[in-house]
Amino acid sequence: MKPDKRWTLNPANEETVNRLQEGLKISPAICRVLALRGVYDYESAKLFFRPELAHLHDPFLMRGMKKAVQRISDAIEWHERILVYGDYDVDGTTAVSLMYSFLKKNYNGDLAYYIPHRYREGYGISKQGVDFAHANGYTLMITLDCGIKAVEVIAYAQSMSIDVIVCDHHLPDEHVPPAFAILNPKQKDCTYPYKELSGCGIGFKLASALNIHWKQPMENVYQYLDLVATSIAADIVPIDGENRILAYYGIRRINESPCLAISTLKELAGVTRPLSITDLVFVIGPRVNAAGRMDDARKAVEFFIETDPEKIPTLAAALHSDNDDRKEVDKSTTEEALAMIEGDLVMLQRKSTVLYQPHWHKGVVGIVASRLIDHYYRPTILLTSANGKATGSARSVSGFNIYEAIHECRDLLENYGGHFYAAGMTMSEDNVAAFITKFEQIVSATITAEQQVPEIEIDAEIPLSFVKPAFYNLIKQFEPFGPANMKPVFVTRGLHDHQGKSTVVKEQHLRIVATQEHGQITEGIGFGLGDKYDIVRNGPFDMVYNIEENEYNGNTKLQVKVIDVRRTTPNLTPNPSR
């Protein structure tokens, strides 16, 4: 049986819950979920449930915006050559596609885009990219989803009389680049009210400001909200505040009047239902990302900006093929990595996982690191060989700062970067063994017992009788779901298997037919929970779950998606961090 997970009940402010219930006249459980998402009264609930594009912030509140808009307007007036430069992931390629398409509609001059090659150039603005701009006479570069740390490379560009406008959402260092203008809500002295825009979101704000400056209809910018929503989903930024508005209307556009690229990918993936944020993460995003992981991310931009219906299927097929290749490499690498751990008794006892195989594909090591955490819940790094160096990706567990742990090993590294839960690094191949030893020492000394056990955060305890269409329809209005607004998690206690109908499906999944005090009967599925069948059969048991709709053969009914079950206990642990 899999080890038990920690169940923690997120405590809501009871005064807020009562105030919401009085104002909204809805279930206290729904009010509790709202309170946990920062909704505190009737008016904020109205903004939450009914987002309005009119509530987007004025783009000129962002530091550097006026200067950036004037420089771009001057470049267009003076017929300068403009290069739109972006990262090779979904956020970067959607951002470049948005900015390039928007400028192309407003500028008949020389405009081009540049995406660095993941393996030949690496992340961010490359010297090779600047050399390309200089050799081809581009005097203005607009960077999307990168540039805030490129101090030396942007200084190099400036030395060649190339002005750079940086649009980035990553956290700046103490010293920022000598760019002509920097658009980043996280930079010092920027009073822009919302700090968590995606890289494409920053590009959207720049396009909005240009549109206002040129006194054009806002639909000129709103038509790209499908790209913005795709970037928000794929880059896993919080879906609250301004991002919630952008995602809400982006999803609406995707399902009502999507761009040719997204509608083609949806069709190619065989999806017939309306798309959700989850679909953008798991259906659209991987196919866009695969271009940069397996080949050249320029294909993704070429795909997004194409308007010819006859050309788009060929471009979509290329992305789809790259994604199929990625899945095969992902699968084989995961299997090999798991076998390495399972065959090593010393490795099984460690607090961290660091694996190195020179032949692994650099484009999938981050994905595989995440998969290994599903099996062995501990900080994980996968390394491969590229250009004669060991290079790789790190992923962490809840509450553990993997960037700081890597920072403590900096004497063994040539380059590294990242944030709390994900990072990358490069080192000499000769240092791999020493790095594995030191990283394990750092993790062992700093990781807590709680951080070594997966946690399930619960929004509210409800009776099984709440699992009805009226309650579910309220939950649906919380969409779009994502970080800062995850799908509500409920717990119900004291359940029993109904007439022995619960069973194990395909030897690994738990099909539950549950009842509470001989009342409502509810069905659910727990993927990968087949080893907990005895807990259900021998009840009473507690169950943590989401409520969802199940569509089969044209019929739709409510069911629960089971996250975990355990023998009934009298209390739930409160979460002190909330």
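In what follows, residues are counted from 1 in the order of the sequence shown.
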Exercise for the section: Test side chain to side chain contact (heavy atoms under 4.5 Å, CB included) on Gln559 and Glu548 and set out the steps. Expected result: CA-CA 6 Å; Gln559 70 170 19; Glu548 63 180 18; 2.8 Å; yes

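- Residues Phe420 and Phe400 keep their aromatic ring centres 6.0 Å or farther apart.
- Looking only at side-chain heavy atoms (C-beta outward), Asn184 and Val166 stay at 4.5 Å or farther from each other.
- Here Arg395 does not pair with Asp374 in a salt bridge; the nearest charged N to carboxylate O distance is not below 4.0 Å.
- Applying the salt bridge (charged side-chain N to carboxylate O under 4.0 Å, His left out) criterion to Lys188, with sequence neighbours excluded, gives Glu174.
- Contacts of Tyr416 classified as side-chain contact (heavy atoms from CB on, under 4.5 Å), with partners at least two apart in sequence or in another chain: Tyr403, Ile406, His407, Arg410, Leu413, Met425.
- Considering Val560, Ile563, Val536, Val491 in turn, Val560 is the only one that fulfils the side-chain contact (heavy atoms from CB on, under 4.5 Å) rule with Met543.
- The shortest side-chain heavy-atom distance between Pro379 and Val397 falls under the 4.5 Å cut-off.
- Side chain of Glu440 to main chain of Lys351: a donor-acceptor pair is present (N/O by atom type, distance under 3.5 Å, no hydrogens or angles).
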Exercise for the section: Might you work through the salt bridge (charged side-chain N to carboxylate O under 4.0 Å, His left out) test for Asp173 and Lys149, ending with a clear yes or no? Expected result: CA-CA 7 Å; Asp173 291 331; Lys149 297 180 183 291; 2.9 Å; yes

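- Using a 4.5 Å cut-off on side-chain heavy atoms (C-beta onward), Asn18 and Glu22 make no contact.
- Residue Tyr194 comes nearest to Pro185 through the heavy atom pair O-CB, 3.5 Å, listed as atom of the first residue, atom of the second, then distance.
- Closest non-hydrogen pair, Asp168 versus His170, comes out as OD1-ND1, 2.7 Å.
- With respect to the salt-bridge test (charged N to carboxylate O, under 4.0 angstrom), the residues Arg537 and Asp497 do not qualify.
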Problem - Trace of the side chain to side chain contact (heavy atoms under 4.5 Å, CB included) decision for Tyr224 with Thr94 - result: CA-CA 9 Å; Tyr224 303 113; Thr94 53; over 6 Å; no

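- Summarising the geometry of Cys31 relative to Leu20, their closest heavy-atom pair is O-CD1, 3.5 Å, with the distance given to 0.1 Å.
- A salt bridge is defined here as a Lys NZ or Arg NE, NH1 or NH2 lying under 4.0 Å from an Asp or Glu carboxylate O, and Lys205 with Glu242 meets this definition.
- No donor-acceptor pair under 3.5 Å is formed between the side chain of Arg32 and the backbone N or O of Pro11.
- Among the candidates Ile232, Ile277, Leu280, the single residue satisfying the side-chain contact (heavy atoms from CB on, under 4.5 Å) test with Pro480 is Ile277.
- Put simply, the side chain of Thr492 gets close to the backbone of Ile462: a donor and an acceptor are under 3.5 Å apart.
- Paired with Phe490 under the rule ring-ring contact (aromatic ring centres under 6.0 Å, His included), one option of Trp7, Tyr472, Phe471, Phe466 passes, and it is Phe471.
- Panel note: side chain Asp91, backbone Cys200; a donor-acceptor pair is recorded below 3.5 Å.
- In this structure, Arg253 fails the cation-pi test against Tyr222, since its NZ or CZ atom is not both closer than 6.0 Å to the six-membered ring centre and inside 45 degrees of the ring normal.
- Formation of a donor-acceptor pair under 3.5 Å by the Lys557 side chain with backbone atoms of Asn550 is not found in this model.
- In this structure, Pro28 and Val17 approach most closely via the heavy-atom pair O-CG1, 4.0 Å.
- For the residue pair Ala12 and Ala35, the shortest heavy atom distance occurs at CB-CB, 4.2 Å.
- Judged by distance alone, the side chain of Arg244 and the main-chain N or O of Pro51 form no donor-acceptor pair under 3.5 Å.
- We find that Glu479 and Lys487 are not joined by a salt bridge, their nearest charged nitrogen and carboxylate oxygen being 4.0 Å or further apart.
- Residues passing the side-chain contact (heavy atoms from CB on, under 4.5 Å) test with Ser276 are Thr278, Asp279, sequence neighbours excluded.
- Put simply, the side chain of Tyr249 never gets that close to the backbone of Asp226: no donor and acceptor are under 3.5 Å apart.
- Within the 4.5 Å cutoff, the side chain of His169 has heavy atoms near those of the Asp235 side chain.
- Side-chain atoms of Thr93 never come within 3.5 Å of backbone atoms of Tyr88 as a donor-acceptor pair (strictly under, hydrogens ignored).
- Taking both residues in full, the closest heavy atoms of Leu246 and Ala229 are given as O-CB, 4.4 Å, listed atom of the first, atom of the second, then distance.
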Exercise for the section: Test side-chain hydrogen bond (donor to acceptor under 3.5 Å, both in side chains) on Gln477 and Arg50 and set out the steps. Expected result: CA-CA 9 Å; Gln477 294 186 51; Arg50 302 289 181 267; 3.2 Å; yes

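- Ring geometry for Phe478 against Phe49 counts as perpendicular: the plane angle is over 60°, on a 0 to 90° scale with 30° as the lower cut.
- The closest donor-acceptor contact from the side chain of Ser444 to the backbone of Gln441 lies at 3.5 Å or more, if one exists at all.
- Tested against Arg371 for a side-chain contact (heavy atoms from CB on, under 4.5 Å), the candidates Leu382, Val364, Thr334 yield a single pass: Thr334.
- Here the side chains of Leu98 and Phe304 are not in contact, with every heavy-atom distance at 4.5 Å or above.
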Handout entry: Residues Tyr40, Asn13; criterion side-chain hydrogen bond (donor to acceptor under 3.5 Å, both in side chains); working and verdict
Key = CA-CA 9 Å; Tyr40 53 89; Asn13 183 289; over 6 Å; no

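- Not a single donor-acceptor pair under 3.5 Å links the side chain of Ser352 to the backbone N or O of Arg350.
- Taking 4.5 Å as the limit, every side-chain heavy atom of Val565 sits out of range of all side-chain heavy atoms of Tyr545.
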